[in-house]
Number of protein chains: 2
Amino acid sequence: MKFAQRMSRLGTETAYAVAGDAAAYAEKGHTVYPFHLGDINRPTPPHITSACKKYLDEGKTGYCPAAGIKPLREAMAEEINRTHGTDYTWENVSIQSGGKPTIGKFLMNVMEEGDEVLYPTPGYPIYESQINFFGGIPKPYIYREEKDEFVMDMDYFQSLISSQTTALIYNNYQNPMGVCSSSEEMQKIADLAIKNDWMVLSDEAYFDLVYDETPRSIVSLPGMKERTVLLSTFSKKYAMTGWRLGAAIGPKDIIEKINKINTNDEACTTHFVQWAGIDALKGDEKYCQQLRKLLQKRRDACLEILRDCPGIIVHKPKSTFYLFVNVTQAMEKMNIDSYETFRLHMLEKTGVSFCTREHFGSPLPSENQKYIRLAYSGIDVPQIHEGLGKFKAYIQSCFSE
Amino acid sequence: MKFAQRMSRLGTETAYAVAGDAAAYAEKGHTVYPFHLGDINRPTPPHITSACKKYLDEGKTGYCPAAGIKPLREAMAEEINRTHGTDYTWENVSIQSGGKPTIGKFLMNVMEEGDEVLYPTPGYPIYESQINFFGGIPKPYIYREEKDEFVMDMDYFQSLISSQTTALIYNNYQNPMGVCSSSEEMQKIADLAIKNDWMVLSDEAYFDLVYDETPRSIVSLPGMKERTVLLSTFSKKYAMTGWRLGAAIGPKDIIEKINKINTNDEACTTHFVQWAGIDALKGDEKYCQQLRKLLQKRRDACLEILRDCPGIIVHKPKSTFYLFVNVTQAMEKMNIDSYETFRLHMLEKTGVSFCTREHFGSPLPSENQKYIRLAYSGIDVPQIHEGLGKFKAYIQSCFSE
């Protein structure tokens with residue numbers, strides 16, 4: 001079959017193949033330590049599940065507005081105002097089936113074919129895929145590895161700006177690196193967005209998974225609300241990944257256009273799930289705090305094991321549930337150059353399953369360091385000890401040979 | 001804000017505005033008879049709702065594959081094979097969040113910019129909108145009103161075919177007209193699709209709402225399975241419109257591409273909803289049969305009232321839950337030329353709320369008859385008697401003046 005040309009420009013999220021390899025290895029009777037899953041191995045809080053069951057009984061099973069039910073749009077505006085210091089109303093909110101739909105819908109609205117869009121690499125691979133699919137020119141910005149953390153390379157960022165740059169995708173609390181902008185960096189990015197008249201997608205999927213400090217959003221800075229679409233999702237904060245509930249929040253005119261795309265693409269987001277979303281937003285914060293504490297303990301458990309492992313460099317990220325680990329020397333020691341070879345080799349030798357830098361957008365030719373992503377969202381502390389213990393022991397054995 | 005050009009090509013489903021007008025009129029204290037809703041005023045069958053609650057309790061709340069869970073893909077393939085005489089496997093099925101998503105995903109795959117696509121008018125307005133949005137050239141085919149029914153105008157259909165025609169959207173059991181192809185007509189369409197090497201979208205949203213005869217699908221005809229994507233949805237058959245569950249079924253290579261779009265657009269369809277879908281497919285057929293009988297009674301109640309109403313012509317459709325009523329003379333008698341004026345006039349005079357021909361794609365300049373769509377999905381027989389009684393009495397009064 002011959003497909004339309006645009007389909008050759010569509011990328012994908014190859015992390016699913018990692019899950020497939022892990023499952024195949026486990027089926028052979030091996031123990032697998034799942035550090036590849038960006039999904040929390042905890043059920044949705046019971047008050048949300050109970051609420052959903054009630055709405056099913058009440059017959060909230062028919063169509064509802066394409067933009068979402070008004071009470072959820074209101075509750076979402078209130079929640080964002082509370083955490084962001086903004087003054088959104090329900091008309092600034094378009095309910096989405098998760099976080100992902102907002103990426104494409106933002107680009108459809110603001111990017112002409114041939115326009116350049118800035119986005120992070122390594123980063124969520126759907127950015128690059130959707131920019132390409134809708135005929136834009138992807139302009140990846142990069143990060144520098146400093147002594148204790150990763151930081152955006154602002155000189156490189158500025159070197160990418162041209163008269164064709166129309167939009168920026170900004171993922172503060174970043175997947176896969178856990179990067180957080182400093183206040184100064186965030187202000188600098190906002191200044192550039194305003195000066196160059198960009199539209200900004202602020203992907204805040206991990207906004208509620210920030211440790212040790214209060215999360216901040218670029219939309220709170222003066223002049224940014226007018227040009228920013230905020231991607232919000234219930235997935236990570238409430239352990240609701242499979243429910244598919246999120247929202248695009250932004251200026252009323254672009255939200256109306258996004259609502260029109262909803263009408264064309266999906267009719268509406270699942271009706272009773274939307275009602276349960278209100279219970280999530282208005283429910284006890286305790287569960288979310290517990291979840292954050294649990295994840296923090298896992299992060300610290302990982303770091304304690306890996307800190308003195310030879311051949312790797314690991315930082316303490318302030319957010320997300322990922323560690324982005326420099327494995328350049330370990331790979332060199334093993335005489336392995338290919339990411340896929342290294343990933344499958346470590347799975348076979350240690351049972352530890354993970355994604356590599358290659359799963360987060362096309363690596364640039366200039367990159368000379370090698371990284372993997374360890375997700376601690378889907379694995380408990382005892383298995384972290386066991387799995388990363390084997391991981392470390394194996395690398396140690398390579399260095400002591 | 002300046003939007004990308006493609007957004008100016010995106011249409012919408014204006015039927016929602018009708019619901020808004022009806023609600024506003026009801027809020028003033030008037031009785032409204034809702035003949036505008038394409039949504040069944042019956043709850044989802046209890047065995048499906050109970051199953052969904054069980055899956056919530058079991059924690060089916062995390063991510064699942066973008067293509068859908070394998071047991072649902074298998075169950076859907078079995079169900080289609082049973083009703084269509086096909087031999088699909090689970091790999092021919094891509095789970096979707098309802099029926100709508102398949103329309104855009106089909107076009108993204110088979111239509112280059114500038115390609116011509118045949119689609120029905122009056123018809124589901126999303127066809128025209130999505131063809132335009134993705135840069136295709138919409139080629140609407142039309143229907144003739146005969147003594148007892150509407151039939152496709154095959155001469156007109158054939159006159160539209162050019163070397164640029166790449167795809168056909170075929171909606172047998174058609175919204176809004178309730179049109180059913182004869183065996184001969186369906187074969188002729190299949191022959192043209194094969195001869196001209198078209199890809200075909202067979203929109204079968206109403207496949208299970210056929211009265212008095214066994215439903216047939218174009219995919220069952222020799223040579224068609226290889227070139228057809230079948231749009232299937234749980235919405236109408238199981239009163240599950242708000243659940244957002246459906247499937248694209250077709251050749252493995254295009255289904256894989258559609259799965260890739262799923263990965264980009266929505267991650268997955270709501271996890272526990274997919275499991276409940278299996279219970280729908282494998283559950284007792286009794287409820288669906290009862291629903292069909294209920295709708296048939298409503299259809300017959302509508303027809304009994306309207307058959308001898310002056311100024312209108314109404315046929316007995318064999319499928320869907322719509323009547324497509326010729327109101328040309330009634331509008332002339334009232335000196336009303338505009339559809340919107342007529343719609344609001346009748347709402348005010350009788351409380352009957354309905355969509356008009358204008359809600360189903362752009363009317364062609366050659367059209368000289370006027371039509372409205374009466375949906376009997378959202379209204380019970382006593383209200384049908386009351387509402388259409390007033391509707392008829394008002395028209396009669398205009399003719400007796």
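Just so it is clear: chains get the letters A, B, ... in the order the sequence lines come, proteins before strands, and each one is counted from 1.
Counting heavy-atom pairs under 4.5 Å between each of B:Q130, B:K60, B:E13 and chain A puts B:Q130 at the top. Among the candidates B:T49, B:I40, B:T102, the residue making the largest number of heavy-atom pairs closer than 4.5 Å to chain A is B:T49. Ranked by non-hydrogen atom pairs under 4.5 Å with chain A, the options B:C52, B:P101, B:A66, B:G62 are led by B:G62. Ranked by heavy-atom pairs under 4.5 Å with chain A, the first of B:N264, B:D253, B:T166 is B:N264. Comparing A:C64, A:S129, A:G246, A:P65 by how many heavy-atom pairs each has under 4.5 Å with chain B, the most go to A:S129. Among B:T44, B:L107, B:L37, B:N41, the residue making the largest number of heavy-atom pairs under 4.5 Å with chain A is B:T44.
Annotation: the span from B:M199 atom CE to A:K2 atom NZ amounts to 11.5 Å, rounded to 0.5 Å. Atom CD1 of residue B:I48 and atom CG of residue A:L56 lie 11.0 Å apart, to the nearest 0.5 angstrom. Between atom CG of residue B:D57 and atom NZ of residue A:K53 there is a gap of 3.0 Å, rounded to the nearest 0.5 Å. To the nearest 0.5 Å, the span separating CG on A:N262 from NZ on B:K100 amounts to 9.5 Å. Rounded to the nearest 0.5 angstrom, A:R6 CZ and B:M111 CE are separated by 5.5 Å. Here the NZ atom belonging to B:K260 is positioned 5.5 Å from the CG atom belonging to A:L10, to the nearest 0.5 angstrom.
Residues of residues 268-277 of chain A having a heavy atom under 4.5 Å from any heavy atom of chain B, listed by number: A:C268, A:T269, A:T270, A:H271, A:F272, A:V273.
Within the 4.5 angstrom heavy-atom criterion, atoms from both the backbone and the side chain of B:M1 approach chain A. Both the backbone and the side chain of A:M108 come within less than 4.5 Å of a heavy atom of chain B. Contact of B:I254 with chain A is made through backbone and side chain together, with heavy-atom distances under 4.5 Å. For B:P125, no part sits under 4.5 Å from any heavy atom of chain A, backbone or side chain. Using a 4.5 Å cut-off between heavy atoms, A:P46 does not touch chain B at all. With a 4.5 angstrom heavy-atom cutoff, B:T61 touches chain A via backbone and side-chain atoms both. In this structure, chain A has no heavy atom under 4.5 Å from any part of B:I103. Looking at B:F134, the atoms closer than 4.5 Å to chain A (heavy atoms on both sides) sit in the backbone and in the side chain alike.
Between A:E266 and B:R244, every side-chain heavy-atom pair lies at or beyond the 4.5 Å cut-off. A:E113 has its side chain within reach of B:E113: a pair of non-hydrogen atoms, C-beta onward, lies under 4.5 Å apart. At least one side-chain heavy atom of A:K257 sits less than 4.5 Å from a side-chain heavy atom of B:M7.
Partners of A:D115 under the salt bridge (charged side-chain N to carboxylate O under 4.0 Å, His left out) rule, at least two apart in sequence or in another chain, do not exist in this structure.
Nearest approach of B:I126 to A:T263, heavy atoms of both residues: CD1-O, 3.9 Å. When all heavy atoms of A:E112 and B:F3 are compared, the pair lying nearest together is OE2-O, 3.9 Å. The shortest non-hydrogen separation linking B:Y63 to A:G38 is CE1-O, 3.8 Å.
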